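Every chain is numbered from 1, with letters handed out A, B, ... down the list of sequences. This is a predicted model, so every value here is computed, not measured.
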Amino acid sequence: MIARRVGLGCAVAFLAVVALAALFPDLLATHDPLRTDVRSALEAPGTAHRFGTDQSGRDVFSRVVHGAGRSVGIGLLATALAVVAGLVLGSLSGVSHRVVDAAAMRVTDILLAFPEFLIALIVVAVLGPGTVNVAIAVTIAAVPVYIRLARTQTRTLHIAEHVEAARILGVGPVRTFTRHVMPGVLGSLSVLATIGIGSSILAAAGLSFLGLGPSEPAPEWGLMLSGGRNVLGRAWWISVFPGLAITLTVISATVIGRALRARAEGRRG
Amino acid sequence: MAASAALVLWGAATLAFLAFRIIPGDAVSVMLGPQAKVSEAVKAGVRAELGLDRPPLEQYVSYIGGVLRGDLGTSYQLRMPVTEVIGRQLGPTLQLTALALLIAVLIALAVALLARRGVARAVMIAGELIVLSSPVFWIGIVLLAVFAFGLGWFPVAGTRSAATIVLPALTLALPVAALISQVLRDGIDQAERQPFAETVRSRGARSSRLVLRHSLRHGAAGALTLAAYLIGSLLGGAVLVETVFARPGLGRVTLTAIVDRDLPVVAGVIMLSALVFVIVNVVVELLHPILDPRLQARPAVFEAPAIEERR
Amino acid sequence: MSVVHVRGLRIEIDGHVVVDEVDLDVAAGECVAIVGESGAGKSLTVRALLGMLPDGARMTVDELGIDGADATGLREAGWRSLRGRRIALGSQDALAALDPLRRIGHEVAETMEIHRLHRGRRDERVVQLLASVALPEPERRARSRPHELSGGMRQRALIASALAAEPAVLVADEATTALDATVQARILALLRSIADEGRAVLFVSHDFAAVRKVADRVLVMRDGRIIEQGSAAEILTSPREAYTQALVAASAPRPRTPDRGQGDVLLQVRDVSKRFDGPAVVGASFTLAAGRTVGIVGESGSGKTTLARMLVGVERPDHGEIKWTTPQRVQLVHQNPLGAFDPRWTIGRSITEALQAAGVPRGERRRATASLLAEVGLEEALSARRPRQLSGGQRQRAAIARALAADPQVLVLDEPVSALDSTVRARVLDLLARLQSERQLTVVFVSHDLAVIESICDDVLVMRDGAIVEQGAVGDVFAEPRHPFTRELLAAAL
Amino acid sequence: AGSAGDADGSDAELVWAIEGANLSAGHMDPQTSQLDVSGMVQRQVLDSLVFQEADGSFSPWLAKSWEVSEDGRTYTFELRDDVTFSDGNAFDAAAVKANFDRIVDPATKSAQAASMLGGELYAGTEATGEHTVEVSFTQPYAPFLQAASTAQLGFWSPKVLEKSADQLDAGGPDVTVGTGPFVLSEYTADQEIVYTRNDDYAWGPDGAKAPKIKTLRVELLPEASVRAGVLSSGEADVATQLPPNVVADLGDDVTVTAKEYPGLPYSLFLNEKHGVFADQKVRQAFSVAIDIDAAVDEIFFGEFPRAWSILGPTTPGYDKSLEGSWPFDADKANALLDEAGWTERGADGIRMKDGQRLSARWIAWTPISDDRTALANAIQSDLKDVGFEIVREKLEPAAYNEQYGPKTYDITDWDFSGVDADLLRSHLGTDGFQNASQVSDPAVDDLLERGLSASDTDERAQIYTELQQWNAEHVAIVPLYVSSLITGSAKGVDGLEYDLYGRPLFYDASVSR
Ligand SMILES: Nc1ncnc2c1ncn2[C@@H]1O[C@H](COP(=O)(O)OP(=O)(O)OP(=O)(O)O)[C@@H](O)[C@H]1O
Ligand SMILES: Nc1ncnc2c1ncn2[C@@H]1O[C@H](COP(=O)(O)OP(=O)(O)OP(=O)(O)O)[C@@H](O)[C@H]1O
Ligand SMILES: [Mg+2]
Ligand SMILES: [Mg+2]
């Protein structure tokens with residue numbers, strides 16, 4: 001109980017730091033993330049460079065800090081887009097005619113049949129690599145899940161007793177939809193989204209790792225991890241710190257997401 | 001069930017076909033070699049050869065016809081039938097994923113059954129969270145660094161000795177194991193909160209009997225659905241794991257095909273993945289009623305598992 | 001010599017004492033009932049006899065003997081050898097109390113496996129046991145799974161499994177609560193016969209009607225203590241404690257409200273049918289006169305809710321006609337008040353929304369909300385709470401208040417008191433009777449509880465499998481039931 | 001890995017780890033591919049007319065003897081008469097003609113091999129006897145013998161050319177058929193190529209007979225660290241394309257051979273027909289704004305020398321005088337950019353002129369090794385210091401070609417190995433197939449033409465010196481460093497030889513454990 005509180009507190013605090021790094025990297029960074037200094041390449045973590053330097057002598061700490069915006073940003077952007085798309089498509093499908101709804105759900109089911117990461121890969125194949133394309137790919141890969149949840153929620157809420165009660169009381173259909181159905185759907189979606197952000201960050205990092213995302217010299221965690229893997233034995237810090245950054249960010253998002261879900265389900269703590 | 005299966009496969013084929021059409025740029029220029037100074041006439045010839053000059057609907061019909069005959073076209077880059085390209089690389093990936101699945105299930109069972117309460121349980125839950133929050137390539141790199149470069153227990157790469165498959169399979173297995181053990185544990189916990197668990201204990205049963213004879217089976221139903229879904233997702237993971245461990249296999253082929261825009265191969269992978277989904281689901285649909293007889297009456301549905309679990 | 005012997009039982013959960021100073025004796029062949037309001041500590045007390053308290057509970061006891069064995073300081077392993085063998089538990093919801101994935105036969109045999117009894121003859125024993133609890137076709141049923149059995153059959157199977165190792169004590173915690181009246185009566189008879197065969201039976205219930213049928217002796221619990229005990233006849237006829245008196249009174253048949261007199265015909269329902277996966281309502285016809293209260297009664301699944309919903313217009317009949325002679329404001333109070341409120345909204349906001357939909361001007365809504373809450377006997381402060389933060393009775397009142405916001409002329413109530421405790425139930429029924437006379441409401445009242453129907457309704461419709469099998473004035477129908485099903489219902493209830 | 005079978009090791013298998021990432025992208029045929037790796041692996045299958053010895057001289061191979069006509073336009077080869085392709089077809093004058101004609105056929109889409117065969121200058125091949133063949137050119141063509149010694153001008157079985165030439169880029173057991181010491185017996189794209197000994201082989205360079213090893217298994221391992229790893233763990237016997245940073249970690253049991261590539265060093269090509277590099281001052285500024293010495297020295301651990309010229313020091317005709325002639329000088333770079341009018345500065349410190357940013361787009365072809373990435377980062381960082389923005393795009397081969405074709409980039413990069421300085425023709429000639437800088441200068445074309453026909457060594461050296469100096473001033477190409485092909489071989493590997501490019505040759509190789 002207390003451990004869980006502490007865990008949640010740490011998660012919130014860590015995400016706050018990540019957010020700070022993403023919005024105002026210069027407050028935290030000690031160096032220019034792009035500035036190379038080949039003479040001090042592969043320096044171990046120390047006073048001059050907190051997290052050491054990479055093969056071109058760039059400061060790993062500053063790159064991790066500057067990478068936050070891109071790495072977390074892709075995840076956030078993708079999740080936000082997926083939630084909006086899911087909400088619109090899913091709730092429309094939920095209130096449409098049975099045939100339309102059934103057709104839309106079949107398409108979603110077919111998309112759900114494929115592993116998310118494979119879909120993201122294929123979308124990048126079609127669009128070509130790049131930061132924005134990765135965000136789009138991750139969105140498309142994630143969206144069917146949100147569509148389905150939004151649709152199920154819309155359906156359930158549409159026939160839920162409290163919505164029915166409102167209807168019997170004479171509340172109009174539009175008002176019922178916007179006041180009772182939509183907020184409920186959005187609520188479930190946002191809880192899912194908090195957990196989904198983690199997945200999106202991981203998927204985006206995977207694409208970057210494969211060289212399909214942002215390209216050097218841009219600081220991005222997946223890319224940095226990939227860049228250091230050949231010198232792991234000699235300069236572990238190049239990969240380890242961005243790796244930790246990803247893991248901790250995703251853990252934090254997940255912990256918060258789970259807490260939100262627990263709250264939404266009414267069991268506290 | 002057959003209808004759902006056919007629907008998924010048809011959907012996949014259509015998706016694959018659309019991938020061909022949506023791609024920006026001229027497919028022929030993409031497929032022709034580097035710095036090709038080729039006249040328009042030659043390009044037109046290639047286009048005709050591939051049937052790209054025909055109306056889209058006609059192309060679609062002939063593509064679906066090909067798929068029905070088991071013909072997925074010819075790879076642009078490898079100039080080989082796609083079925084052969086995939087067939088050749090299927091072996092290593094199949095070995096890898098099968099072993100990964102086995103390891104994952106064993107780990108998940110061990111974790112869910114042995115770490116039932118107390119500190120062990122808390123540690124396992126934290127471990128699962130860490131594994132699930134770490135990119136699979138990062139897990140692979142850490143395992144490589146520790147067990148191959150560091151301790152030297154396993155070879156770094158290669159395909160020939162049996163030991164080379166251990167680390168990649170473990171990498172692929174860990175996130176799957178973490179997911180399955182989470183779901184299994186939740187399922188067991190939930191089952192043990194149900195009144196029947198109290199009945200069983202009131203008969204004088206030990207907790208081991210309760211778990212093994214009763215609640216495990218309840219938990220297994222959810223875990224089975226999830227495991228089935230994860231079998232599909234292993235293919236996605238294989239792309240990363242095969243890259244990290246420099247292993248040959250379908251993952252690498254997929255990645256190369258994607259990078260080179262070898263669309264017939266990409267389409268083939270889409271079809272394969274749909275086929276895997278369908279087969280796995282058929283098997284699961286057959287297994288489910290054995291685990292949970294209440295389901296016998298219900299018609300089979302093709303569905304991915306609950307959403308939060310898809311990580 | 002008592003088979004169950006308890007002195008000074010005390011249970012603490014998280015530092016709170018929830019059961020204290022409980023002494024208890026049950027002799028062989030005796031059926032002892034423990035009654036009391038929800039939360040009184042009945043379940044904890046009997047679970048303590050099996051050593052099965054929830055995590056975090058601490059139990060101390062001066063003396064504890066089960067079937068001659070001293071269980072005072074037992075550890076888990078010791079308890080295990082008692083459970084099932086000397087004392088067995090049959091709990092509330094039999095569908096959930098049997099492992100849904102296993103065959104009935106395996107469930108019954110499990111106790112024998114655990115205690116290594118009847119090796120080699122277990123299948124035979126299972127069939128015998130199932131037969132002994134009067135389960136029809138025991139061989140076939142042994143191979144069925146719980147979901148394939150009806151509620152009553154499941155309860156029998158559960159009791160059979162409890163008896164498998166021939167325990168000296170059977171604990172039945174709310175063993176009949178979830179059952180229909182007819183089925184309930186049969187299970188109670190079974191419990192009585194088990195006691196008559198020489199076992200000690202400990203029966204937990206909050207339902208005095210059930211207790212009356214089986215118990216030799218009754219213990220009344222309140223706030224974790226036994227406040228009164230005696231023979232069943234004593235307690236039921238001349239309770240000493242005010243609390244017991246209230247409990248008995250609440251369970252006793254309520255005085256009938258006087259007949260309200262016939263008004264104009266408001267509603268004509270002709271040959272209405274509705275199917276879902278199977279028929280839900282079949283050829284229902286009746287009329288409703290202004291100012292009357294009509295009860296709809298029947299077993300679970302007989303179509304009561306469906307019919308009520310069609311009256312309100314949220315469900316359309318497939319066939320037939322529902323015709324209001326003049327336009328009426330009809331309101332529905334749902335079966336489950338928790339689900340009927342938006343969980344994210346406060347009660348006040350939900351009522352305000354209803355007022356707005358009814359056209360009450362913005363400025364007056366606040367005051368109207370307060371007066372509605374007052375009308376159903378709720379404090380205004382409760383309007384700031386969310387549905388989950390209210391008790392069952394409070395929620396039901398709030399639901400009624402919201403329905404009144406639309407100033408209805410006709411109120412359709414779906415099982416408004418079924419989920420409530422007997423004392424709370426009495427208060428809600430009083431409220432309804434008062435509202436009806438104050439507001440001149442016409443009421444349709446759905447229930448499966450004949451006693452409730454009898455006390456509050458003028459007319460009654462008896463439904464079975466979707467059809468109205470009998471209808472008429474409550475007095476006539478209850479006094480002279482014509483349909484065999486009605487007779488069965490009445491017999492079970494009394 | 002090498003398992004000793006018979007006493008003489010005739011069943012031995014040798015495992016050779018190479019990078020090979022792009023082979024599957026249609027690069028299995030050296031006659032059409034311009035990738036070094038293609039010739040390197042297919043050398044096992046492809047023999048050449050002549051062999052180039054380590055000292056640069058030529059010795060007989062498939063040709064017993066040869067003659068060059070007085071006017072330098074016609075080469076007459078007397079072929080061996082005992083050579084057969086591994087599919088049983090005889091190697092004869094017709095086979096030579098079929099191969100050479102195929103290479104220059106525009107439908108073949110060959111770039112490098114066609115250029116080595118003289119390109120436009122190729123007049124035709126004539127079979128004057130069953131085993132006599134005449135290759136003629138429209139003008140004297142000096143580099144031909146050298147070209148004829150490479151795998152790019154090796155010979156596929158005429159039957160393959162007839163039936164399945166279109167499958168050669170993809171490669172495969174029944175397609176990749178030559179006369180070489182090995183037969184390609186298995187090929188799994190992106191995974192491995194298995195070559196099996198050609199038991200009939202008796203026509204190798206310097207009298208080489210059938211190889212000692214039975215199987216040469218080529219493992220395609222794109223990760224440098226993995227190649228090093230398999231070599232250390234004994235899973236591979238030989239590994240090539242090792243980056244300098246792993247060499248130190250290989251251990252004492254591994255013999256490391258580094259051979260400096262002859263030819264064009266690793267360079268940046270500045271597209272002078274596009275964007276900011278149209279201005280020579282900008283190109284000059286670019287070249288002196290980079291601290292090449294420091295970057296190359298640090299990133300390659302001092303293993304590779306920085307380059308001063310567009311020819312490597314081991315290439316005949318190298319102009320040593322250029323060494324030290326254009327040192328790193330940020331001040332000079334700034335001055336040059338000021339002179340060129342890029343005097344305003346944007347908010348981010350990038351120079352501007354008439355509202356346009358001083359920005360250049362660099363397209364790079366994947367995969368890119370870590371050290372080249374590090375070098376690129378250093379270059380970008382150095383240029384940013386003088387207000388010059390470099391945007392680098394990493395492109396997969398297909399996407400790269402989409403940009404390369406219409407020449408819509410400012411910078412691209414590669415190195416190009418070749419023993420003859422004539423390789424500059426493809427990079428600086430107006431019609432050169434690798435003319436990424438889009439140089440179009442009649443004076444340069446004239447020099448290249450003269451280099452082609454001059455047969456006197458000193459005269460050729462003079463011509464190529466002029467070309468190198470032209471570039472030093474003109475800066476179409478910025479050479480960065482001279483790389484080496486680093487090969488490690490495990491203990492027990494014997495008889496490994498290397499060609500002029502440092503590629504291992506397996507004619508006499510043996511492996512024992
Ligand atoms: N697991 C538990 N954790 C905390 N408190 C509990 C637990 N179980 C019971 N209690 C508390 O102990 C008290 C007695 O509960 P008990 O279940 O014995 O009541 P009961 O008389 O059986 O009521 P009901 O008629 O509703 O079944 C209640 O106040 C309840 O809230
Ligand atoms: N929305 C629905 N969809 C499908 N079947 C339904 C639906 N509503 C009711 N039914 C079915 O119609 C039949 C009658 O149900 P109804 O809810 O009217 O019974 P009831 O008498 O109110 O039962 P209870 O006492 O359990 O509330 C049942 O078999 C039920 O399963
Ligand atoms: Mg209870
Ligand atoms: Mg109902």
Side-chain angles (χ1 to χ4, degrees), chain A residues 26 31-43 52-60 62-63 66-67 121 124-134 207-220 222-236 238-239, chain D residues 21 222-229 232 242-246 248-249 290-301 328 348-349 361-385 389-396 398-400 402-403:
Chain A
D26 293 325
H31 293 72
D32 176 347
L34 300 182
R35 167 109 214 158
T36 63
D37 177 6
V38 285
R39 278 173 234 275
S40 56
L42 299 182
E43 262 178 28
T53 60
D54 68 4
Q55 295 98 319
S56 329
R58 294 173 300 189
D59 181 56
V60 174
S62 303
R63 288 179 64 74
H66 277 266
L121 271 176
V124 172
V126 171
L127 298 179
T131 310
V132 177
N133 290 353
V134 163
L207 294 174
S208 295
F209 178 80
L210 293 175
L212 300 172
S215 51
E216 280 277 1
E220 196 279 335
L223 189 64
M224 292 170 69
L225 224 168
S226 167
R229 72 188 143 132
N230 278 334
V231 286
L232 212 53
R234 171 193 298 253
W236 51 267
I238 302 177
S239 290
Chain D
E223 299 290 336
S225 57
V226 172
R227 287 197 297 281
S232 307
L242 297 174
N245 64 5
V246 306
D249 302 337
I290 310 168
D291 190 355
I292 301 176
D293 277 308
V296 168
D297 190 52
E298 291 291 333
I299 290 169
F300 298 101
F301 299 92
F328 167 58
D348 51 357
R361 205 161 57 91
W362 175 353
I363 59 168
W365 143 300
T366 54
I368 302 170
S369 64
D370 291 349
D371 33 31
R372 283 199 182 162
T373 303
L375 182 58
N377 292 335
I379 291 170
Q380 278 170 292
S381 179
D382 285 351
L383 284 161
K384 196 171 168 222
D385 287 349
E389 178 189 57
I390 305 296
V391 180
R392 188 159 175 268
E393 279 178 30
K394 224 172 89 181
L395 298 174
E396 310 302 340
Y400 181 91
E402 274 172 28
Q403 308 252 349

Practice prompt. Count the heavy-atom pairs under 4.5 Å between each of D/Ser369, D/Ala294, D/Ala364 and chain A, then report the option with the highest count.
Written response: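 Highest number of pairs under 4.5 Å: D/Ala294.
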
Item to complete: Report the option among D/Arg392, D/Gln380, D/Lys394, D/Glu298 that has the most heavy-atom pairs separated by less than 4.5 Å from atoms of chain A.
Response: D/Glu298

Worksheet item: Looking at A/Thr36, A/Asp32, A/Asp37, which one forms a side-chain hydrogen bond (donor to acceptor under 3.5 Å, both in side chains) with D/Ser381?
Response: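 The side-chain hydrogen bond (donor to acceptor under 3.5 Å, both in side chains) with D/Ser381 is passed solely by A/Thr36 among A/Thr36, A/Asp32, A/Asp37.
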
Fill in: Smallest separation among heavy atoms of A/Arg58 and D/Asn377, with atom names
NH2-ND2, 2.8 Å

Worksheet entry | Considering all heavy atoms, the nearest D/Ala374-A/Ser56 contact | CA-OG, 3.2 Å

Item to complete: Just jot down the ring pair (Phe, Tyr, Trp, His ring centres under 6.0 Å) partners of A/Trp236, sequence neighbours excluded, or say none.
Response: A/Phe241

Discussion item. Which atoms of D/Asp297 are under 4.5 Å from chain A, going by heavy atoms: the side chain, the backbone, both sets, or neither?
Written reply: neither

Worksheet item: If you look only at pairs with a residue in residues 367-379 of chain D, which of them pass as a salt bridge (charged side-chain N to carboxylate O under 4.0 Å, His left out), with sequence neighbours excluded?
Response: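 For residues 367-379 of chain D, and leaving out neighbouring residues, the salt bridge (charged side-chain N to carboxylate O under 4.0 Å, His left out) pairs sorted by first residue read D/Arg372-D/Asp415.
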
